Amino acid sequence: MNALRPVWVVFAKDVRIELRRRESLASMAFFGALVLVILSLAVGGGRRVAPETGAGILWVAVLFASVLGLGRVFAREKEDGCVSALLVSPLSPGALFAAKALVNFALMAAAEVVLVPLFYVLFGRGLAGNPLPLLPVIVLVNGGFSAAGTLLSAVAAGTRRNEVLLPILLYPLLLPVIVLAVRATGGVLAGGGLAAAAEHLSTLAAFCVIYAAAGALLFPFAVREG
Amino acid sequence: MFLQVESLRKSYGGVEALQGVDLQLEKGELLCLFGPNGAGKSTLLKILATLLAPTSGTVRAAGFDLEEHPEAYRARLGVVSHQSFLYADLTARENLAFYAALYGMDDPDGRADDLLERVDLAHRADAPVSALSRGMQQRLTIARALVNDPDLLLLDEPFTGLDEHAAARLRDQLRLLHDRDRTVVLVTHNLRRGLESATRLGILSRGRLVYLEDRDRVDPAAFEAEYFRLLEVR
């Protein structure tokens, strides 16, 4: 069997459930939008913000919203013991990790389709330049967040208070990525274009690879019992 | 020999859940394992299902070693638990087609339809699992476990939560499962249901297999007395 086929099978199943329920995506988009509106009011409603401040606001909204979806994707597998059925199938833990990380990536990207335009509506005054160079930054942050988040959501799903534990474990681990994302985004919002983001992209990509490799290696220990 | 378990031990911290279990089953046997809570039945089944790693000992089934070839071993394995392993938001057909695709079946939808016919659920194929009764979900669970036509089937307390009628239907389904020389290990508290289905009977007590006998050589009335005697001895 093609090694990518089981990844696709699990991914397609999760997307189908998500499209049917829409609970993760709706809560992520709504919560993220709420954060943006509250922060917009907090800075004075329509006032200009410095590019670095704007970048911080955008990533706070995106990352706080994304953790809502992250917890659900793995918690769903724990309902009715479905994760056990996956673990007793020929699906390797690495393939399960890849499928879940892809689902988280897709959910995050879908939420950003709502949140990034809303950010420009609320904070766009005074921000210079083309937003297109944000795309590689967004892709790399999503990659790092999804990889680290998938591993930690598997750890947290086995505990009683997983909704609390997940952000407590995840945000400190993602701190380097968040700092780099804010700097790269700030550069783009200041009109620096792709060149402003480029100096941070390789470091962001390195973190993305580290999280993905660590996630794939440690995931079997997170999902299996003793 | 189809299933060979040798010197299987499992410790959690300082507690030995399994203290050296040896077990051999021929192809096509249905072993029913009885035992009180904490006897190690679920631990043994979890190890056989590769959900738990043993502290020591070996398990081989159909020529595959559980430690050396876990994925090949799992491809021949089916598991039924008191949990359904079904996605409540997917329909009965979508659930079976998903698992069929996961096991690399060429025509997952066709396989799903075949299995729905076998467990008498074709008329509810497009109903979400959440809309099915407990008995229907249990039948769908059995269909799910058969999706890869497994050689070894593990059943963990499948009668839990079922009323008498649903339990009787499940017993009939177990006969369906036990066709074509499929080897089955069934763990249950329910002595009567277990005796109805088994070809071999075993009793686990405090992590040891203290009794193993062919069903044909056991008088059901005497077995119950023997069961309680063995639990008291240990």
Side-chain angles (χ1 to χ4, degrees), chain A residues 1-26 69 72-100 102-103 107 154 157-158 219-226, chain B residues 10-13 15 17 42-43 45-55 69-91 94-95 97-106 108 128-130 137 140-141 144-145 147-148 150 152-154 156:
Chain A
M1 186 166 46
N2 179 344
L4 292 179
R5 190 182 167 203
V7 176
W8 168 251
V9 168
V10 176
F11 174 79
K13 180 266 296 172
D14 275 5
V15 169
R16 175 175 277 179
I17 292 176
E18 184 50 45
L19 289 176
R20 202 158 285 171
R21 267 199 192 179
R22 291 203 181 96
E23 60 173 12
S24 298
L25 193 54
R72 279 301 304 149
V73 167
F74 212 85
R76 186 181 295 141
E77 296 293 352
K78 291 271 178 176
E79 291 167 9
D80 297 313
C82 292
V83 69
S84 297
L86 298 181
L87 294 174
V88 300
S89 78
L91 180 76
S92 68
L96 179 57
F97 172 77
K100 291 295 174 187
L102 273 177
V103 174
L107 275 175
F219 190 73
F221 302 101
V223 289
R224 286 194 187 279
E225 292 180 48
Chain B
K10 178 66 188 176
S11 303
Y12 299 98
V15 180
S42 291
T43 301
L45 223 61
K46 279 184 177 174
I47 291 173
L48 295 180
T50 73
L51 287 170
L52 206 56
T55 306
H69 305 285
E71 280 157 29
Y73 174 91
R74 286 199 288 264
R76 318 282 294 268
L77 183 69
V79 178
V80 174
S81 140
H82 51 275
Q83 289 187 293
S84 70
F85 296 175
L86 298 169
Y87 295 94
D89 294 308
L90 296 182
T91 66
E94 286 168 345
N95 265 286
F98 164 66
Y99 283 109
L102 202 59
Y103 280 89
M105 299 281 157
D106 290 331
V129 166
S130 54
Q137 287 188 18
L140 190 60
T141 298
R144 183 203 52 74
V147 87
N148 58 330
L152 175 62
L153 195 60
L154 308 174
D156 187 8

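Side-chain atoms are counted along with the backbone in the values below, which use heavy atoms only and exclude waters and symmetry mates. On a predicted model such as this, the values are computed, not experimentally measured, just so you know. Naming convention: chains lettered A, B, ... in sequence-line order (proteins, then strands); numbering from 1 in each chain.
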Contacts of type side-chain contact (heavy atoms from CB on, under 4.5 Å), residue A:R22, not counting sequence neighbours: none
Taking A:R76, A:R20, A:E79 one by one, which has the highest count of heavy-atom pairs under 4.5 Å against chain B? A:R20
Can a donor-acceptor pair be found, under 3.5 Å and without considering hydrogens, that links the side chain of [X] to the backbone of [Y]?
X     : Y     : answer
B:E94 : B:T91 : yes
B:Q83 : A:C82 : no
B:R74 : A:S89 : yes

Could you look at [X] and say if it's the side chain, the backbone, both or neither that has a heavy atom under 4.5 Å from chain A?
X      : result
B:Y73  : neither
B:P108 : side chain
B:S81  : neither
B:R144 : side chain

Sorted by first residue and then second, give each salt bridge (charged side-chain N to carboxylate O under 4.0 Å, His left out) pair with at least one member in residues 87-100 of chain A; sequence neighbours left out. A:D14-A:K100, A:E77-A:K100
Please determine, among B:L86, B:L77, B:V147, the option with the most heavy-atom pairs under 4.5 Å with chain A. B:L86
Are A:K78 and A:F74 in a cation-pi contact, defined as NZ or CZ under 6.0 Å from the six-membered ring centre and within 45° of the axis?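 No.
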Honestly, the part of A:V223 sitting under 4.5 Å from a heavy atom of chain B is neither
